[in-house]
2 protein chains.
Amino acid sequence: MISLTEVCAGVSGPSVPSGMVAPMQSRTPPTPPAPRTGGRPRSATADAAILEATRQGLVELGWSKLTLGAVATRAGVAKTTLYRRWAGKSELVVDAVAELFDELELPDRGSLAADIENVVLQFAVLLGRPETKTALMAVVAESTTDEPLRARIRESIVDRQKRLVLAGRERAQRRGELPVEPDAVGAARTADLIFDVIAGAVVHRALVSAEPVDEEWARRFTLLLLGGLAAAAAQT
Amino acid sequence: MISLTEVCAGVSGPSVPSGMVAPMQSRTPPTPPAPRTGGRPRSATADAAILEATRQGLVELGWSKLTLGAVATRAGVAKTTLYRRWAGKSELVVDAVAELFDELELPDRGSLAADIENVVLQFAVLLGRPETKTALMAVVAESTTDEPLRARIRESIVDRQKRLVLAGRERAQRRGELPVEPDAVGAARTADLIFDVIAGAVVHRALVSAEPVDEEWARRFTLLLLGGLAAAAAQT
DNA sequence: GCAGTTACGCTACGGCCCGTAGCGAAAGCC
DNA sequence: GGCTTTCGCTACGGGCCGTAGCGTAACTGC
């Protein structure tokens with residue numbers, strides 16, 4: 001497939017110019033086996049089957065009743081194979097749902113308002129799926145007592161969402177809808193704030209309030225956020 | 001200690017006029033035993049000990065490693081006693097953390113901005129505690145495949161938060177900072193929206209982004225939200 | 001005081017799932 | 001062909017679940 005060593009080399013700092021819409025490096029396989037010299041290669045088919053079986057299991061059983069034994073059986077794979085690649089249920093599920101977040105895109109709809117509504121509705125679609133519904137909150141809960149897991153979630157899921165926000169902002173700045181903040185630190189904080197507001201509001205609406213994130217809600221939310229952005233910009 | 005019978009009597013309808021800042025009916029005991037005629041009463045002491053032991057267990061073990069057997073032992077109670085009152089781990093934990101949300105208050109700070117900052121920081125303090133951190137997301141995740149649990153969370157936790165938002169809005173309207181929306185349906189939707197934005201943003205910042213909800217963040221967030229409210233009000 | 005009713009502590013149990021160990025066989029690299 | 005790594009399979013100890021059954025404790029109503 002792809003040689004990982006070179007892809008992974010020098011991916012430490014989050015020092016990407018930020019703003020580019022270019023796709024992140026494509027999904028990295030689970031638990032890269034140490035030095036990869038000779039020997040029988042891991043079956044990519046098995047990987048795919050396991051992740052798919054995980055998602056199916058999440059849909060039918062939910063997070064808490066999902067067992068790794070059942071996933072292995074459904075995937076047509078031995079349980080030991082599964083444990084060779086993932087440390088536990090959390091890591092596996094993160095990778096399984098992370099694939100769904102790869103579908104996220106942000107086409108240019110011509111205005112900041114349209115872009116925001118679009119991204120909100122995309123989040124909503126993802127969070128409407130039963131797999132993500134039950135998995136996302138569970139792994140985040142788990143990550144509160146598991147720092148490596150949190151890092152994995154951030155890389156695989158959160159940053160993937162954040163890209164959309166950054167891209168949207170850059171476009172809006174090009175259109176003149178948003179000012180270019182000269183202070184890099186302040187700009188980053190603003191971006192973080194906006195990201196937490198958007199993602200947080202959608203997640204809360206969809207999972208906690210458990211009410212639909214439809215077009216009307218997206219419109220009202222966008223109106224609110226745009227007004228806030230205008231006021232915040234004026235404040236500067 | 002306390003006679004439970006009278007406390008339990010007539011606590012069925014949630015039909016409070018809604019909007020009052022008066023405290024909700026104080027915590028209802030778990031799984032009210034059916035008709036409550038004669039017989040040995042349940043130990044209120046045991047209830048308190050169990051809930052406290054649950055919180056301690058959450059702090060030390062986290063949600064996933066918390067076992068009901070351990071809780072019972074720590075509380076000095078038989079495991080069977082625990083199962084007589086709560087259907088499972090989720091229900092128990094909801095009740096345990098719900099007590100923490102009773103501490104929420106909303107003193108009048110003189111302006112809408114100050115009130116919002118205050119409520120944000122109060123949410124942040126609660127979400128900063130390790131018990132709530134690990135428990136809240138976990139039970140919400142569980143509730144995606146368990147409707148009764150969702151209802152319990154809503155009553156015990158979410159509505160308790162929402163009260164603060166409603167109270168804050170009412171105060172702001174009295175001060176003239178916010179317009180009184182004549183349309184009841186629209187007003188309710190706006191309130192829901194604002195609640196999801198506030199609670200969602202704070203939760204996302206604290207648990208997903210895992211960065212501090214300090215005074216500076218609260219200030220920036222409040223600025224954003226107030227601007228949005230002004231714009232939304234003008235739109236009407 | 002005495003029956004009736006309910007909660008309590010304790011013990012014990014079958015059942016499920018976990019995570020690992022130990023094989024022999026398969027599939028690639030040199 | 002030898003070396004290396006993965007794979008499927010089986011088996012296992014251990015933990016926790018959730019319940020049943022029992023004798024005892026606490027409180028109510030007659």
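All chains are named by letter (A, B, ...) in the order of the sequence lines, taking the proteins before the strands, and each is independently numbered beginning at 1.
- A cation-pi arrangement, defined by a distance under 6.0 Å to the six-membered ring centre and an angle within 45 degrees of its axis, is absent between A:Lys133 and A:Trp63.
- Taking atom NZ of A:Lys89 as the reference point, atom P of C:dC18 lies 7 Å away to the nearest angstrom.
- In this structure, the side chain to side chain donor-acceptor pair (under 3.5 Å) partners of B:Ser64, at least two apart in sequence or on a different chain, are A:Glu142.
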Check the interface with nucleotides 22-30 of chain C: list each N/O to N/O pair with the protein under 3.5 Å, or write none.
unit_1 : atom_1 : unit_2  : atom_2 : d
C:dA26 : N3     : A:Arg40 : NH1    : 3.1
C:dA27 : O4'    : A:Arg40 : NE     : 3.4

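- The interatomic distance linking A:Tyr83 (OH) with D:dC12 (C1') rounds to 14 Å, in whole Å.
- At whole-Å resolution of the value, CG in B:Asp47 and P in C:dA7 are 12 Å apart.
- At whole-Å resolution of the value, CG in A:Leu68 and C1' in D:dG8 are 17 Å apart.
- Residues of residues 131-147 of chain B that place a heavy atom closer than 4.0 Å to DNA chain D do not occur.
- Remark: A:Glu155 does not engage A:Arg160 in a salt bridge, criterion side-chain N to carboxylate O under 4.0 Å.
- Residues satisfying the side chain to side chain donor-acceptor pair (under 3.5 Å) criterion with B:Glu147, sequence neighbours excluded, are B:Arg150.
- A salt bridge does not link B:Arg42 to B:Asp47: none of the charged side-chain nitrogens sits closer than 4.0 Å to a carboxylate oxygen.
- Pairs passing the salt bridge (charged side-chain N to carboxylate O under 4.0 Å, His left out) check and including a residue from residues 68-81 of chain B, sequence neighbours excluded, read B:Glu60-B:Arg74.
- At a threshold of 4.5 Å between non-hydrogen side-chain atoms, the residues B:Arg129 and B:Leu100 count as touching.
- Atom C1' of nucleotide C:dA7 and atom CD1 of B:Ile50 are separated by 12 Å, given to the nearest angstrom.
- In this structure, B:Leu82 atom CG and C:dA7 atom C1' are separated by 14 Å, rounded to whole Å.
- Between the side chain of A:Lys79 and the base of C:dG19 there is at least one donor-acceptor pair of N/O atoms closer than 3.5 Å.
- The environment of CD in A:Glu211 is crowded: more than 12 heavy-atom neighbours from other residues, nucleotides or ligands sit within 6.0 Å.
- The distance between atom CG of B:Leu61 and atom C1' of D:dC16, rounded to the nearest whole Å, is 13 Å.
- Summarising the geometry, the separation between CH2 on B:Trp86 and P on C:dA7 is reported as 14 Å, rounded to the nearest angstrom.
- Listed by chain and number, the residues in a salt bridge (charged side-chain N to carboxylate O under 4.0 Å, His left out) with A:Glu91 amount to none (sequence neighbours excluded).
- Between B:Ala46 and A:Thr67, the residue anchored closer to the 5' end of DNA chain C is B:Ala46, taking for each the nucleotide with the nearest heavy atom.
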